[in-house]
Visitor: 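Here it is, the structure, as structure tokens.
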Amino acid sequence: MKNDILNYNNIPFKTLFARERIEARVKEMGLQIAQDYTDKDPVVVCILRGGVYFFSDLTKEIPISLELDFIQAKSYIGTESSGTVELIKDLDSDIKDRDVLLVEDIVDTGRTLKFLISHILSKKPKSLEVASLLFKEGGDAVGYPIKYVGWNIGKEFVIGYGLDYDGKFRNLPGVFLYSE
Ligand code: 5GP
């Protein structure tokens, strides 16, 4: 495929999901979410920082009344999971008895999500569902159903569209395979 490679700072990155494919999939997901949440006035929560592009594009494709909030946890160093998860930024809104939709960039081991799900559930929302753009093979450790998934992928490390490698590459316009 001709447009399969993106040259970024003279580094060639192989495309996994190009911008147009992501746009189309995010639109589909937004419509499905809008149908499921009509008249529910959900709180849609972005998991910072990786979820930021997916979250901002997705929420614009959900044409119903909703509120936005942000949460941040830290669990990942380089390309290997450090194993511990720490809450860095909590929600600002009161989500008790609210329908909450948590938006994640990628589920790998599922450790981060498991931690955030139990934290959010402790605030007694009316319901909690998760949307993740990507779901990596073996992410079943979450122990909670991920209702909205963009794509299932293999074990490869990906960057772009919010996903970083050591803080870089988040602004790549699609999802790319990272190789050193
Ligand atoms: P988990 O706790 O599910 O193992 O990891 C979740 C977090 O690790 C994600 O929110 C993301 O920030 C990071 N992560 C996991 N896999 C990848 C990957 O392939 N690429 C990048 N850039 N980050 C990843």
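The figures here come from the full heavy-atom set of this structure, side chains too, leaving out hydrogens, waters and symmetry mates. Each ligand, and each atom within it, is numbered from 1 in the order the structure gives. In what follows, residues are counted from 1 in the order of the sequence shown.
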Visitor: Considering both backbone and side-chain atoms of Leu113, is one of its nitrogen or oxygen atoms within less than 3.5 Å of a nitrogen or oxygen in ligand 1?
Guide: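 By distance alone, the answer is no.
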Visitor: Mark up the atoms of ligand 1 that fall under 4.0 Å of a heavy atom belonging to Arg111, in ascending order.
Guide: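 Once the distances to Arg111 are compared, the set is 1 (P), 2 (O), 3 (O).
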Visitor: Report the part of Asp105 in contact with ligand 1, treating N, CA, C, O as backbone and CB onward as side chain, heavy atoms under 4.0 Å; options are side chain, backbone, both, neither.
Guide: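 Only the side chain of Asp105 comes within reach of ligand 1.
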Visitor: For ligand 1, which atoms sit closer than 4.0 Å to a heavy atom of Asp164?
Guide: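 So the atoms of ligand 1 that pass are 21 (C), 22 (N).
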Visitor: Kindly determine whether Asp97 and Lys126 satisfy salt bridge (charged side-chain N to carboxylate O under 4.0 Å, His left out), including the steps that lead there.
Guide: CA-CA 4 Å; Asp97 297 325; Lys126 187 171 171 195; over 6 Å; no
Visitor: May I have the step-by-step check of side chain to side chain donor-acceptor pair (under 3.5 Å) for Tyr161 and Asp105, ending in yes or no?
Guide: CA-CA 9 Å; Tyr161 199 64; Asp105 51 359; over 6 Å; no
Visitor: Does Lys136 have a non-hydrogen atom less than 4.0 Å from ligand 1?
Guide: yes
Visitor: Does ligand 1 have any atom that is closer than 4.0 Å to a heavy atom of Gly50?
Guide: no
Visitor: Heavy-atom contacts with Gly110 under 4.0 Å: which atoms of ligand 1 show up? List them by number with element.
Guide: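 Listed by number with element, the hits are 1 (P), 3 (O), 4 (O).
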Visitor: Could a heavy atom of Phe157 be found less than 4.0 Å from some atom of ligand 1?
Guide: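 Checking ligand 1 against Phe157, which is what was asked, there is a heavy-atom contact under 4.0 Å.
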Visitor: Could you say whether the N/O atoms of Val158 and ligand 1 ever approach to under 3.5 Å?
Guide: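 Val158 vs ligand 1: N/O contact under 3.5 Å present.
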Visitor: Knowing that exactly one of Ile22, Ile153, Ile106, Thr15 qualifies, which makes a side chain to side chain contact (heavy atoms under 4.5 Å, CB included) with Val175?
Guide: Ile22
Visitor: So Phe169 and Tyr178, would you call those rings parallel, tilted or perpendicular, with 30° and 60° as cut-offs?
Guide: tilted
Visitor: Find out whether Ile117 and Leu128 are in side-chain contact, i.e. whether some heavy atom of one side chain is under 4.5 Å from a heavy atom of the other.
Guide: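 Result yes, sub-4.5 Å side-chain heavy-atom pair found.
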Visitor: If the plane angle is over 60° it's perpendicular, under 30° parallel, otherwise tilted; pick one for Phe157 and Tyr165.
Guide: perpendicular
Visitor: So does Arg111 get a backbone contact from the side chain of Thr109, meaning a donor-acceptor N/O pair under 3.5 Å?
Guide: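 Indeed, once roles are kept as given, a pair shorter than 3.5 Å links the two residues.
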Visitor: How about Tyr53 and Asn171: does a side-chain donor come under 3.5 Å of a side-chain acceptor?
Guide: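 Per modelled atom types, Tyr53 and Asn171 side chains form no pair under 3.5 Å.
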Visitor: Specify side chain, backbone, both or neither for Glu156, according to which of its non-hydrogen atoms lie closer than 4.0 Å to ligand 1.
Guide: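 It is the backbone that gets close, since no side chain atom is under 4.0 Å.
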Visitor: Give the numbers and elements of all ligand 1 atoms closer than 4.0 Å to a heavy atom of Glu104.
Guide: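 Checking each atom against Glu104, I get 10 (O).
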